[in-house]
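Structure first, then comments.
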Amino acid sequence: MTAVRSLKTPEDLAAAGLIEPQKLDGIRAIADRYAIALTPTVVSLIDRTDQNDPIARQFVPDPAELLTTPEERADPIGDQAHSPVKGIVHRYPDRVLLKAMHICPVYCRFCFRREMVGPQGDGTLSPEELSAALAYIREHPEIWEVILTGGDPLVLSPRRLAAIMRGLAEIPHVKIVRFHTRVPVVEPERIDAAMIAALKESGKVVYIALHANHPREMTETARAACARLVDAGFPMVSQTVLLRGVNDDPAVLGDLMKAFVETRIKPYYLHHPDLAPGTSHFRLDIAEGQKIVSALRGNISGLCQPTYVLDIPGGHGKAMIGESAVRGEDGCYSVSDYRGGEHAYPPK
């Protein structure tokens with residue numbers, strides 16, 4: 001069965017046969033805290049005969065989300081600590097995140113911004129707030145790259161997106177604009193001529209980072225949407241989260257990386273899952289992740305190798321952990337940030 005509209009409530013999920021009616025109360029408790037949305041494209045990918053379907057696991061709420069472990073944090077990578085004005089995160093010297101809105105076409109159950117996105121989240125920047133965010137970028141000449149994220153920036157209308165791009169066009173020290181998005185995979189019809197024209201509006205170099213976690217997400221329609229972007233002149237890179245029960249298998253992960261390369265997308269980051277509330281059922285031990293990443297080497301092309309990274313809690317930035325993390329005497333890992341600081345991190 002293919003959904004004709006996005007599913008956004010526990011009742012929608014029950015009517016579509018994605019949850020059992022007797023589980024409705026438990027799912028309602030999750031919906032009271034975290035947003036739910038599955039596009040028709042995502043619903044069509046779910047195998048209802050598989051209780052462990054990797055697509056459903058990413059998007060259909062699970063009672064395990066109500067379990068919060070002591071190490072989990074509402075803001076696991078420290079966005080708020082590095083937000084000088086609303087909508088801006090300035091963690092690294094030469095780049096900023098511009099979070100124009102906190103709405104997504106789908107809501108991943110493992111999202112590290114799950115406390116911020118959706119109807120219960122931080123909303124969309126007002127015209128005045130967006131103007132202040134652009135002013136901050138204008139006033140900081142060290143900012144070379146602006147990364148539009150959120151939320152998913154490609155849910156903005158082409159008109160609104162073009163307006164943001166025109167604002168960035170007026171800032172000469174910004175050379176690169178990057179978009180982080182799931183839209184080509186979960187709502188590929190959005191990638192049309194109007195969207196592409198809006199992405200070109202700034203005249204800057206534009207990169208598109210696609211988030212996908214399982215090879216089944218790379219459908220023919222998704223690949224066609226990506227082809228429209230690449231053919232329009234936008235280089236694409238990938239972002240994937242290493243997730244228990246979704247892609248924690250070298251063969252599955254390898255097939256996904258090959259699908260990216262076949263679609264002219266360079267594998268970029270493989271993220272260790274963050275310490276977001278209610279996501280412990282997705283997290284692997286770092287040592288497990290290292291074994292999976294090691295298994296990719298030598299078995300698939302060098303073009304297909306992502307960089308395994310961890311966002312250090314507290315806003316200390318990303319660390320490459322393919323082989324560099326070491327276990328300390330207390331059972332934790334010691335991870336170095338880009339400034340040379342050392343930080344303890346739990347195994348999973």
Side-chain angles (χ1 to χ4, degrees), residues 5-6 8 35 37-42 45 58-59 87 89 95-108 111-114 116-119 121-125 130 133-134 145-169 174 176-213 217-219 221-241 260 263-266 268-269:
R5 61 180 178 83
S6 291
K8 296 185 177 182
L38 290 77
T39 60
T41 294
V42 166
L45 293 177
Q58 294 182 67
F59 302 108
V89 177
R95 56 204 182 274
V96 295
L97 304 183
L98 174 56
K99 300 192 291 182
M101 33 70 73
H102 289 81
I103 304 299
C104 299
V106 294
Y107 292 103
C108 304
C111 178
F112 67 94
R113 292 195 179 112
R114 62 196 326 233
M116 306 174 193
V117 298
D122 292 347
T124 299
L125 294 185
L130 179 58
L134 291 172
E145 179 183 24
V146 174
I147 302 167
L148 279 97
T149 182
D152 193 317
L154 295 192
V155 304
L156 290 168
S157 69
R159 177 186 62 81
R160 295 182 65 189
L161 185 57
I164 293 173
M165 297 299 271
R166 286 193 295 271
L168 292 172
V174 172
I176 307 294
V177 182
R178 191 196 324 172
F179 287 82
H180 286 188
T181 184
R182 258 191 177 283
V183 163
V185 163
V186 303
E187 208 169 10
E189 63 274 13
R190 278 187 174 268
I191 308 300
D192 58 12
M195 178 67 74
I196 288 170
L199 291 169
K200 287 179 173 286
E201 191 74 24
S202 72
K204 308 286 187 182
V205 175
V206 174
Y207 277 74
I208 310 290
L210 177 72
H211 178 180
N213 298 317
E217 296 175 57
M218 298 301 293
T219 63
T221 53
R223 294 182 188 221
C226 294
R228 292 193 289 275
L229 291 167
V230 175
D231 290 344
F234 305 123
M236 293 189 70
V237 297
S238 75
Q239 292 206 116
T240 294
V241 184
F260 286 144
T263 312
R264 294 179 287 172
I265 300 170
K266 178 65 182 80
Y268 182 38
Y269 279 151

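If you're wondering where the values come from, they're calculated on a predicted model, not measured in any experiment.
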_Pairing residues for Arg160 by the salt bridge (Lys or Arg N to Asp or Glu O under 4.0 Å) criterion, not counting sequence neighbours_ = none

*Mind checking salt bridge (Lys or Arg N to Asp or Glu O under 4.0 Å) for Arg178 and listing every partner two or more places apart, or none if nothing turns up?*
Glu145

Of all heavy-atom pairs between [X] and [Y], which one has the smallest distance, and what is that distance?
X      : Y      : answer
Ala225 : Pro184 : CB-O, 3.9 Å
Met218 : Ala212 : SD-CB, 4.3 Å
Tyr107 : Phe59  : O-CD2, 4.0 Å
Val106 : Cys104 : O-CB, 2.9 Å
Met165 : Ser202 : O-CB, 3.2 Å
Pro158 : Ala198 : O-CB, 3.4 Å

Those residues that, when tested against [X], pass side chain to side chain donor-acceptor pair (under 3.5 Å) (two or more places apart):
X      : result
Asp152 : Thr181
Thr149 : Arg113
Arg114 : Glu65
Ser157 : none

Any side-chain heavy atom of [X] sitting closer than 4.5 Å to one from [Y]?
X      : Y      : value
Arg182 : Asn213 : yes
Val206 : Leu168 : no
Val230 : Thr263 : no
Thr240 : Phe260 : yes

_Can you list everything that forms a ring pair (Phe, Tyr, Trp, His ring centres under 6.0 Å) with Tyr269? Sequence neighbours excluded, please._
His271

_Would Thr39 and Thr41 count as a side-chain hydrogen bond (donor to acceptor under 3.5 Å, both in side chains) here? Give the steps._
CA-CA 5 Å; Thr39 60; Thr41 294; 4.7 Å; no

*Counting N and O atoms only, with roles assigned by atom type, does the side chain of Ser238 sit under 3.5 Å from a partner on the main chain of Tyr268, one being a donor and the other an acceptor?*
yes

*asked:* Closer than 3.5 angstrom, by distance alone: can the side chain of Arg264 be matched with the main-chain N or O of Met236 as a donor-acceptor pair?
replied: no

Mind checking the [atom1]-[atom2] spacing from [X] to [Y]? Nearest 0.5 Å is all I need.
X      : Y      : atom1 : atom2 : result
Phe179 : Leu98  : CZ    : CG    : 9.0 Å
His102 : Leu125 : NE2   : CG    : 7.5 Å
Ile164 : Leu156 : CD1   : CG    : 5.0 Å
Ile265 : Leu210 : CD1   : CG    : 5.0 Å
Leu38  : Lys8   : CG    : NZ    : 11.0 Å

*With Lys266 via side-chain contact (heavy atoms from CB on, under 4.5 Å) - residues at least two apart*: Val237

_Applying side-chain contact (heavy atoms from CB on, under 4.5 Å), can you list everything that pairs with Val89, at least two apart in sequence or on another chain?_
Asp79, His82, Arg91, Leu97, Lys99

Just distance, no hydrogens or angles: give the donor-acceptor pairs under 3.5 Å from side chains in residues 185-197, sequence neighbours left out.
residue, atom, partner, partner atom, Å
Glu187, OE1, Arg190, NE, 3.0
Arg190, NH1, Val155, O, 3.3
Asp192, OD1, Ala194, N, 3.3
Asp192, OD1, Met195, N, 2.9

_A quick test of your reading: do over 12 heavy atoms of other residues, nucleotides or ligands sit less than 6.0 Å from CZ of Phe234?_
yes

*Not counting sequence neighbours, list each pair that qualifies as a salt bridge (Lys or Arg N to Asp or Glu O under 4.0 Å) and has a residue in residues 193-205.*
Arg166-Glu201

